[in-house]
Protein chains: 6
Amino acid sequence: MYSLTVRDHFMIAHSFQGSIFGPAQNLHGATYVVDVTFKREVLDDDGLVVDIGMASEAVKRLLGALNYRNLDEEKEFLNKNTTTEFLAKEIFDRILAAINQGDLGPNASRLSSIQVLLKESHIAWASYEGKV
Amino acid sequence: MYSLTVRDHFMIAHSFQGSIFGPAQNLHGATYVVDVTFKREVLDDDGLVVDIGMASEAVKRLLGALNYRNLDEEKEFLNKNTTTEFLAKEIFDRILAAINQGDLGPNASRLSSIQVLLKESHIAWASYEGKV
Amino acid sequence: MYSLTVRDHFMIAHSFQGSIFGPAQNLHGATYVVDVTFKREVLDDDGLVVDIGMASEAVKRLLGALNYRNLDEEKEFLNKNTTTEFLAKEIFDRILAAINQGDLGPNASRLSSIQVLLKESHIAWASYEGKV
Amino acid sequence: MYSLTVRDHFMIAHSFQGSIFGPAQNLHGATYVVDVTFKREVLDDDGLVVDIGMASEAVKRLLGALNYRNLDEEKEFLNKNTTTEFLAKEIFDRILAAINQGDLGPNASRLSSIQVLLKESHIAWASYEGKV
Amino acid sequence: MYSLTVRDHFMIAHSFQGSIFGPAQNLHGATYVVDVTFKREVLDDDGLVVDIGMASEAVKRLLGALNYRNLDEEKEFLNKNTTTEFLAKEIFDRILAAINQGDLGPNASRLSSIQVLLKESHIAWASYEGKV
Amino acid sequence: MYSLTVRDHFMIAHSFQGSIFGPAQNLHGATYVVDVTFKREVLDDDGLVVDIGMASEAVKRLLGALNYRNLDEEKEFLNKNTTTEFLAKEIFDRILAAINQGDLGPNASRLSSIQVLLKESHIAWASYEGKV
């Protein structure tokens with residue numbers, strides 16, 4: 001199995017609902033350093049998992065739609081706790097949609113799975129991995 | 001599959017038995033930076049893999065029981081080579097016991113697997129992963 | 001010259017005022033990974049720059065006063081742009097006050113300077129260094 | 001499942017063929033920081049995944065055969081795009097051959113799989129994982 | 001003293017002349033991860049060391065002029081050993097010229113010094129620091 | 001001012017004397033990742049701060065003399081607390097002696113200063129910097 005990973009980041013404000021979150025129930029924020037890993041059984045004819053240029057641009061564009069936002073005010077996250085693991089899945093879904101639209105090139109449809117990992121600090125991170 | 005990782009560390013002395021270990025047969029020591037990754041198929045109702053507060057405290061407490069020790073003098077490691085890979089499994093077992101005692105909350109029993117990774121330097125690390 | 005550094009972090013929401021900040025004028029947030037470096041010409045009688053336990057606890061307490069806050073609503077930052085470089089100086093000032101109160105032990109008064117470095121992402125960081 | 005990882009690096013020149021590579025069609029180069037992960041179900045009698053000394057030396061020797069080379073002039077890569085993912089597989093194959101020759105000791109034949117990960121920068125990396 | 005750092009990278013081929021360089025006399029290459037640190041005594045009216053957007057773009061543009069090149073074929077480096085320390089100074093000079101042209105905004109002229117640090121691997125890096 | 005840094009590591013056991021050290025009064029150990037930075041005003045005729053090959057070998061040899069040791073049993077550290085900051089100075093002294101013996105080549109005598117930084121974990125490090 002082959003993989004290719006690209007790293008980018010975004011910075012948001014949010015708050016959590018539920019006593020389990022303690023002081024994180026306050027409006028606060030985070031920098032998420034995002035590692036998107038594309039996996040595939042066989043390389044394409046150019047010797048690639050995916051076109052790294054198209055993949056990097058797509059990831060930057062998708063993260064850009066979240067960057068510099070207060071997630072508490074975004075409709076799509078209404079009544080959701082935008083935890084690190086939740087956001088990993090959300091970004092996974094958006095990358096999958098981008099692949100299906102052809103944004104990562106025609107060969108991206110042959111990817112077998114994608115992992116999205118979000119680092120929220122030097123001591124905590126979360127990920128979601130799913131099939132393409 | 002979702003994952004959540006927390007990082008902590010501990011510092012111990014030990015020595016190894018067997019000529020394969022060369023100079024590491026001398027009493028020496030190591031800082032182990034420990035990444036504990038909790039994996040789960042579905043998030044809980046709070047949108048979490050596991051309560052990160054409870055998980056971090058449990059990991060800190062378990063590593064605290066090893067921290068600032070000479071492992072050669074600990075009964076439980078008698079006649080064992082406390083290699084990095086051995087210690088990864090040892091810490092995995094202790095986390096599993098903590099989960100079974102309820103130390104990581106009731107939802108932790110729905111975890112599917114745990115990986116414990118120990119970095120012994122900038123150029124070497126080892127891990128153990130097993131089912132919950 | 002000797003130095004000792006301890007690392008910790010805090011997570012806040014804020015926004016900036018002024019067109020130079022572009023989309024960062026929106027309410028957003030950041031994780032700041034903070035490296036506090038204590039510098040000193042001569043070690044104390046225990047062979048230390050500063051008591052690392054007291055230093056780590058003081059830094060954790062000072063960052064805790066900012067952690068999980070919306071800085072736009074904190075009186076002390078009224079009409080201030082809480083940029084990374086501004087916050088580095090702010091934390092420097094608070095550490096200096098803690099030293100003067102004796103929170104880092106009596107030997108800390110012999111420190112020559114302190115640097116506070118805040119990493120806001122894997123590609124950007126800022127610092128302030130001043131005399132004790 | 002246990003794993004053990006060792007890190008090393010090599011520095012090469014190369015160019016790519018195909019318009020998809022854009023400016024990387026020019027002769028340029030890269031530092032590849034290489035993480036080789038050995039995986040195994042059960043530790044050997046010494047409590048090891050693999051002899052880390054033998055593994056490190058084998059990896060250093062294999063990378064040394066590529067280090068300080070222009071890959072465009074190496075016969076074995078004729079008409080190949082030596083992309084990061086391609087090189088990960090190439091190094092995997094060479095490590096597998098070294099194991100089969102006994103270079104990592106007799107116990108290395110009980111490894112279940114190996115992953116070779118090449119970091120080409122702080123924002124991009126690729127890997128290949130296969131069975132032993 | 002305040003500082004602000006931005007990170008970027010470039011990938012080049014080159015070779016060195018002189019027996020002291022051993023196998024690095026061959027045509028090979030490197031990824032250089034570049035940290036540019038801007039230093040200043042007093043923040044500007046926006047609470048900044050320098051406009052991070054303008055600084056990041058200028059650094060990307062300057063590194064882009066070297067990226068994907070064989071430095072042995074660039075006229076400006078004729079008969080020069082483009083060592084890591086040499087390149088750090090070269091990039092410093094280009095940033096200084098960009099500041100003098102106004103590319104980093106009018107406030108950048110009040111910077112006191114700049115450090116350019118190039119990481120060539122996980123175990124080696126070099127820098128140049130000079131006044132503005 | 002130019003600098004060149006090389007990274008290596010060593011692993012030791014030790015204990016500290018004095019109640020300020022708390023549980024670190026027990027025999028324990030550490031991995032120290034060591035960054036040695038050589039500084040110089042002007043490059044030599046090869047475009048170098050120092051011969052990186054000779055510097056790396058000298059650092060490896062000097063750290064090798066400490067590696068896999070129990071520092072409590074080394075005569076030279078009798079009645080000393082081998083804290084991270086103390087060891088940084090000790091290694092500095094040994095590098096200086098190596099330079100004076102010519103181990104880093106004839107040009108190394110033109111270095112202006114050296115910094116030795118020891119990372120004991122992902123959250124703590126110490127350094128010593130002195131003139132050559």
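What's counted below: heavy atoms across the whole structure, side chains too, no hydrogens, waters or symmetry copies. Here is the naming used below: chain letters follow the sequence lines, and residue numbers restart at 1 for every chain.
Looking at C:L43, the atoms closer than 4.5 Å to chain F (heavy atoms on both sides) all sit in the side chain, from C-beta outward. Neither the backbone nor the side chain of F:A88 comes within less than 4.5 Å of any heavy atom in chain C. With a 4.5 angstrom heavy-atom cutoff, F:F16 does not touch chain C via any of its atoms.
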Do C:T5 and C:D35 pass the side-chain hydrogen bond (donor to acceptor under 3.5 Å, both in side chains) test, and can you show the C-alpha distance, the side-chain angles, and the key distance before you say yes or no?
CA-CA 6 Å; C:T5 304; C:D35 295 341; over 6 Å; no
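If you tally non-hydrogen atom pairs under 4.5 Å between each of C:G47, C:S3, C:S56 and chain F, the highest count goes to C:S3. Heavy-atom pairs under 4.5 Å with chain C peak, among F:S113, F:A126, F:G18, at F:A126. In terms of heavy-atom pairs under 4.5 angstrom with chain F, the leader among C:D51, C:I52, C:D46, C:V49 is C:D46.
Using a 30° and 60° split on the angle between ring planes, C:Y32 and C:F10 fall in the tilted class, from 30° to 60°. In this structure, C:H28 and C:H14 have tilted ring planes: the angle between them lies in the 30° to 60° band.
Panel note: side chain F:E73, backbone F:N70; no donor-acceptor pair is recorded below 3.5 Å. Checked by atom type and distance alone, the side chain of C:R40 never pairs as donor or acceptor with a backbone atom of C:Y2 at under 3.5 Å.
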